[in-house]
Protein chains: 2
Amino acid sequence: MLKEERQHQILDKIKLNRKVLSSDLSIELNVSEDTIRRDLNELSIKGLIKKVHGGALPKESTAPSYEERSSFNLKEKNSIAKKAVNLIKDGQVIIMSGSTTNLQLAKIIPSDINATIYTYSLPIALQLTEHPSVEIIFIGGKLNKAAQVTVGLDVVSSISELRADLCFMGTGGINVANGMTEPDWEVSHIKKCMISASNSVIVLCTKNKLNKVKRYAVSPINKINTIVTDISPDAQIFNPFKEKGVTIL
Amino acid sequence: MLKEERQHQILDKIKLNRKVLSSDLSIELNVSEDTIRRDLNELSIKGLIKKVHGGALPKESTAPSYEERSSFNLKEKNSIAKKAVNLIKDGQVIIMSGSTTNLQLAKIIPSDINATIYTYSLPIALQLTEHPSVEIIFIGGKLNKAAQVTVGLDVVSSISELRADLCFMGTGGINVANGMTEPDWEVSHIKKCMISASNSVIVLCTKNKLNKVKRYAVSPINKINTIVTDISPDAQIFNPFKEKGVTIL
DNA sequence: CATTTTTATGCATTTTTATGCGCATTATGT
DNA sequence: ACATAATGCGCATAAAAATGCATAAAAATG
């Protein structure tokens with residue numbers, strides 16, 4: 001394996017796990033710990049990581065504002081993102097909604113994935129500009145400042161014209177009887193379009209959204225292919241979802 | 001086999017596999033590793049690949065990050081932004097291009113200004129989300145990662161449908177004979193549309209862009225209403241511009 | 001057409017790079 | 001403070017790259 005290749009994998013793993021141990025890397029990449037240390041040294045000189053005793057961490061970023069808000073439940077969101085990222089295959093066309101969990105997902109897409117990603121979220125688009133090979137299409141429209149996403153008729157009509165393999169979306173609430181629901185009418189409408197436009201619908205859902213119901217319906221359960229959560233997929237709470245044919249991760 | 005043919009095959013293989021080993025190529029293409037190395041050297045000098053120990057990788061854009069570029073000449077850009085912001089009146093419809101000077105401008109728009117701002121730049125849109133009262137319309141399209149702006153047909157056609165009071169744009173170069181010029185064809189085209197869509201065209205121009213000429217024409221001088229610079233508007237260099245009816249600030 | 005010049009390639013030799021190992025040194029955590 | 005783990009450094013070695021030189025093919029020239 002080439003040195004650069006190895007260093008790339010190290011970077012990917014840091015993005016994914018937020019920390020790496022030299023010992024683990026040494027085993028996984030089949031090189032001595034010395035080599036790993038040398039790699040970490042080089043990467044940290046380049047400012048791409050922060051080297052610490054025993055391994056390395058991601059370099060601290062400098063944009064706290066939206067980041068701070070999204071840091072609520074960050075650990076849960078990250079664990080969801082880690083599961084969800086495995087669903088992405090090379091060459092797919094993907095739509096991503098503007099949830100903060102999706103932002104975590106965008107951060108950890110491996111650098112060797114080639115995909116086309118449609119999004120209407122500024123932070124997600126900005127994050128994806130760091131990725132070397134995904135093609136990003138931003139869906140234009142009127143900006144909702146608080147959520148930093150575009151909304152409105154333009155967004156709805158743009159998405160209606162798409163055809164995607166996957167869509168990843170957060171949710172306001174989900175239960176078996178009412179399906180997915182949203183507190184915001186416009187958002188609910190956009191998500192309806194996303195679902196119609198996608199072959200496979202993946203809902204990213206922290207446990208606090210389970211069995212919640214919001215004002216506006218988005219979709220019945222049977223249109224959802226996969227729910228990715230931060231708790232065990234074996235929990236009994238998921239049984240009624242599974243009966244409807246939903247995969248739980 | 002011809003040298004050029006061989007180099008083409010190398011490029012294809014890099015695109016396909018995201019890496020090549022000199023040793024593999026030597027066997028596959030039936031030449032010595034020396035020859036492969038010479039090929040890789042030539043290709044890397046042309047900037048088509050990145051040569052590394054043991055083989056080569058696809059060229060990674062070493063373009064300085066958006067942050068880096070925007071901090072270059074920051075003082076000048078700020079003084080331009082301060083002059084330009086006075087041109088914005090309440091209630092106007094404004095188009096802003098993706099220049100870093102425009103980003104400075106976006107930062108200092110007074111909070112009591114009500115305006116509708118169209119932009120295709122992620123950083124500018126994100127900055128404007130901090131503003132309490134401007135309405136922001138983001139123009140969607142394919143993202144250019146380095147510049148963090150959308151480009152392409154979608155952008156062109158969206159802008160063509162607009163009508164704006166003002167447009168603010170940076171420039172690749174400007175002089176009296178050739179007018180405004182850009183190094184990038186797509187950008188030049190987008191700017192042409194911006195000009196047609198706006199009642200008043202304002203060019204934000206640091207002194208190092210004065211009397212520079214780039215490859216693609218955007219507009220003759222007489223379509224430009226105002227040039228805002230970081231040097232005194234009385235400087236004699238501006239006389240020929242003034243004769244064409246341009247206001248210098 | 002003959003011959004000179006240029007180009008592409010391979011080979012031998014030297015230089016550089018990547019990597020692992022041993023050992024002394026420096027953190028880290030009870 | 002002491003035991004353990006992680007680190008840095010020098011050295012050895014193998015792999016890869018650069019360099020100089022020779023040669024054969026291709027192109028240019030008269």
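Computed over heavy atoms, backbone and side chain alike; hydrogens, waters and symmetry mates excluded. Quick note on labels: first sequence line is chain A, next is B, and so on, each numbered from 1.
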Item to check | Residues within residues 27-35 of chain A bordering DNA chain C, heavy-atom distance below 4.0 Å | outcome: A:Val31, A:Ser32, A:Asp34, A:Thr35

Next on the checklist: Would you say B:Arg37 places a side-chain N or O within less than 4.0 Å of OP1 or OP2 belonging to D:dT19?
Outcome noted: no

Checklist entry - Think B:Lys51 has a side-chain N or O under 4.0 angstrom from the OP1 or OP2 of D:dA18? => result yes

Whether the side chain of [X] engages the backbone of [Y] through a donor-acceptor N/O pair (distance < 3.5 Å, no angle test) should be reported.
X	Y	answer
B:Asp184	B:Glu186	yes
A:Lys3	B:His53	no
A:Asn144	A:Val149	no
B:Ser99	B:Asn102	yes
A:Lys82	A:Lys77	no
B:Ser32	B:Thr35	yes
A:Thr119	A:Ser121	yes

Item to check | From CA spacing to verdict: ring-ring contact (aromatic ring centres under 6.0 Å, His included), A:Tyr120, A:Phe138 | outcome: CA-CA 6 Å; A:Tyr120 49 91; A:Phe138 195 92; 8.1 Å; no

Checklist entry - Considering residues, nucleotides and ligands other than A:His131, do more than 12 of their heavy atoms fall under 6.0 Å from its NE2? => result yes

Checklist entry - Has A:Leu249 got more than 12 heavy atoms of other residues, nucleotides or ligands less than 6.0 Å from its CG? => result yes

Expressed in angstrom and rounded to an integer, what is the separation of [X] atom [atom1] from [N] atom [atom2]?
X	N	atom1	atom2	answer
A:Leu25	C:dG20	CG	P	13 Å
A:Leu40	D:dA6	CG	P	13 Å
B:Ile45	D:dA18	CD1	C1'	13 Å
A:Ile36	D:dA5	CD1	C1'	17 Å
A:Glu42	D:dT7	CD	P	15 Å
A:Lys3	C:dT19	NZ	P	7 Å
B:Lys50	D:dA17	NZ	P	14 Å

Next on the checklist: What's B:Asn41 touching, base or sugar-phosphate or nothing? Going by heavy atoms closer than 4.0 Å.
Outcome noted: sugar-phosphate

Checklist entry - With sugar-phosphate meaning primed atoms plus P, OP1 and OP2, does B:Ser23 contact a base, only sugar-phosphate, or nothing at under 4.0 Å between heavy atoms? => result nothing

Next on the checklist: Could you check whether the side chain of B:Arg38 and the base of C:dG10 have a donor-acceptor pair of N or O atoms closer than 3.5 Å, going by distance alone?
Outcome noted: yes

Next on the checklist: Protein within reach of the bases, or only the backbone? For nucleotides 24-30 of chain C, mark each nucleotide 5' to 3' as B, S or -, using heavy atoms under 4.0 Å.
Outcome noted: ---SS--

Checklist entry - Pairs counted as Watson-Crick or G-U wobble with both distances under 3.5 Å: what dot-bracket string results for DNA chain D, using | for bases tied to another strand? => result ||||||||||||||||||||||||||||||

Checklist entry - Thinking salt bridges, do A:Glu4 and B:Lys50 make one under a 4.0 Å N-O criterion? => result no

Item to check | Any donor-acceptor N or O pair under 3.5 Å, side chains B:Asp230, B:Thr206 | outcome: no

